[in-house]
Amino acid sequence: MYRTHTCGELRISDAGQTVTLAGWAKTIRKFGSITFVDLRDRYGITQLFFNEAMNTLLEAQPLGREYVLEVKGTVIERSNKNLNIPTGEIEIEVKEYRILNASLTPPFTIEDDTDGGEELRMKYRYLDLRRDAVKKNLELRYKVSRAARNFLDSQHFMEVETPMLIKSTPEGARDFVVPSRMHEGQFYALPQSPQLFKQLLMVAGYDRYFQIVKCFRDEDLRADRQPEFTQIDCEMSFINQEDILNTFEAMTKHIFEDVKGITFAEDFPRMPYDEAMRDYGNDKPDIRFDMKLKELNEVVKGKGFPVFDDAALMIGIAAPGCSEYTRKQTDELTDWVKRPQIGMKGLVYIKCNADGTFKSSVDKFYNEEQLKQIAEVCGAKAGDLILILAGEQALTRKAISELRLEMGNRLGLRNPEVFKPLWVTDFPLFEYDAESDRYIACHHPFTSPKPEHLEWMKDKSKFADIKANAYDLVLNGTEIGGGSIRIFQKDIQEIMFDALGFTKEEANEKFGFLLSAFEYGTPPHGGIALGFDRLCALLGGHETIRDYIAFPKNNAGRDMMLDAPGPIDEKQKKELGIG
Ligand code: ASP
């Protein structure tokens, strides 16, 4: 036995005991003829005390940081107590020790505040994982998965594994593909999600399925995406949308309660997609703060200000308490909206002074009365700063929604410890894709339209108005889950494929198995998938999902530790028929 206790376990009440510990030498502090070592394992840190006699041994064979030790000794009360750690009242007076393994000096300090940059830490991820901060994240991740499993189990969900080597599933991203050796020139695809398998499990009668599962999407990596990520993937039969929302709201509440001790007394608010777009400019509103978008076309047009007269859309927000912004600050905000990522030509502001007067960048065109009217529409109070963007519809909406979030950040209104979940419902069924000049599925092609919009599916001019039985779970401005009630009748699925521009042959070639399964008694069904990594990051109060994945890839999709992707040798290529 290498140890009788862990490094996080011993307390003052254990004083006098002889114990054996094993772990890593985190820090080594020499004071003349004695030495202190902080011994670390997964459970904590315990201080070791090498007295003069033991120190002589140490001098013969010096220890280095991260050496692996086995230490036998007596628990004694520490004279210099550290009340910041649970073991801080004791130390081990070392009687015997063994160096189990040496270590090179690590390339960065294994401390919460490390001196290692992210790329270096990713290269030596096994060392980074020794850091307490990273370990806490992985512990949280484990707790979230355990809480989800416990909840789903209590609701009779059954975890079923689905294959990784499959044929393409259309979730809107590119597939990762795997060449087949045995079938030269042919390829498997890695699943973007288990979507079709979970639907087939419903056909098979497994009416409550879940899986905590890896998904693969070959997307251009926008900020904080991983090519492989994990979903809590779920599907249910004989349910309607209400059942799904209630079940997964309960699961989310259970996870928060279990992992964070946070109780949501109220139901999660529900907001139709159209309302989210109107009030927040996007489909994942951060409702921790208000500052809603207000359309101003009616009050600002026709007053001789060319920018507003020529633009399709004008939207304003009222930033609370910002009327005292200096010229420098408003100029800086103007530069902010002009950045290429935001793409606006300029920013109009109106200061609502404390004395009820106004000062604006468009004083030339708008009199006091008109500015007051704008302020009223924006819901601005004395002391607020109204910010207005103008331009083309979609771009302006997107830009002001970004500006709203930016102002939320600047004003400290986006506290990561405050959690505001909501459901966004009634998504459009289709989305127009300008690049390919056609309609694509907004969620995926298996999502059902609202029954009252079914007949519009044969009329392209109505496509943009068709709403789907689709919903997202949104938390603090981030989508953490999405799903839909599925199409379960073959003829409707065929209409859907047709609407998406698939010929009958293409639909059969790609999804023949699904269409034929739909002929063997398919129950009404629907489901949802939660982004597990993202949920963990939000629960942990962090922005990046990399911190919650044991072995993540960097922003360019590379595994820095393995140095993957990398070339394969010629022989392997030949075998795979891709050389
Ligand atoms: N498969 C979908 C996704 O990955 C989720 C769902 O519709 O259940 O987004």
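Counting starts at 1 for both ligands and their atoms, following the listed order. It should be emphasised that the depicted structure is a prediction, and the values quoted were computed from it without experimental measurement. The basis for the numbers below is simple: all heavy atoms, side chains too, and nothing from hydrogens, waters or symmetry mates.
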Open item on the list: Taking the six-membered ring for Trp, are Y471 and F427 closer than 6.0 Å centroid to centroid?
Closed with: no
Open item on the list: Within ligand 1, which atoms have a heavy atom of S193 less than 4.0 Å away?
Closed with: 1 (N), 4 (O)
TODO: Before accepting this row, confirm whether a basic side-chain N of the pair K123/D563 lies closer than 4.0 Å to the acidic partner's carboxylate O.
DONE: no
Task: Atoms in ligand 1 flagged as close to I528, the criterion being non-hydrogen separation under 4.0 Å - done: 8 (O)
Open item on the list: At less than 4.0 angstrom from any non-hydrogen atom of Q195, what atoms of ligand 1 do you find?
Closed with: 1 (N), 2 (C), 5 (C), 6 (C), 7 (O), 8 (O)
TODO: Give yes or no for whether the N/O distance cutoff of 3.5 Å, strictly under, is met between D233 and ligand 1.
DONE: no
- [ ] Establish, yes or no, whether a centroid distance under 6.0 Å links the rings of F419 and F256.
- [x] yes
TODO: Assess the side chains of R546 and N554: does a donor N or O sit below 3.5 Å from an acceptor N or O?
DONE: no
Open item on the list: Is it the case that ligand 1 has an N or O less than 3.5 angstrom from some N or O of H443?
Closed with: yes
Task: Option with minimal heavy-atom separation from atom 8 (O) of ligand 1, where the choices are K198, Q231, Q192, E235 - done: K198
Open item on the list: Using the ring centroid of each side chain, check whether Y548 and H542 are separated by less than 6.0 Å.
Closed with: yes
Open item on the list: Tell me whether ligand 1 is touched by Q199 - counting only heavy atoms on the residue side and a distance under 4.0 Å.
Closed with: no
TODO: With heavy atoms of A529 as the reference, note each atom of ligand 1 found under 4.0 Å away.
DONE: 5 (C), 8 (O)
TODO: Verify whether one side chain among Q211 and T162 offers a donor that lies under 3.5 Å from an acceptor in the other.
DONE: yes
Open item on the list: Would H444 count as a contact residue for ligand 1, given that I'm defining contact as a non-hydrogen atom of the residue lying under 4.0 Å from a ligand atom?
Closed with: yes
Task: Heavy-atom donor-acceptor pair, S448 side chain to I485 backbone, under 3.5 Å - done: yes
Open item on the list: Pairs of nitrogen or oxygen atoms closer than 3.5 Å, one from R217 and one from ligand 1: do any exist?
Closed with: yes
Open item on the list: Looking at F157, I'd like to know if the NZ or CZ of R149 sits under 6.0 Å from its six-membered ring centre while staying within 45 degrees of the ring's axis.
Closed with: no
- [ ] Would you mind running through ligand 1 and noting each atom that sits below 4.0 Å from a heavy atom of G482?
- [x] 5 (C), 6 (C), 8 (O)
- [ ] Can you sort out which atoms of ligand 1 are near G483, meaning under 4.0 Å from one of its heavy atoms?
- [x] 6 (C), 7 (O)
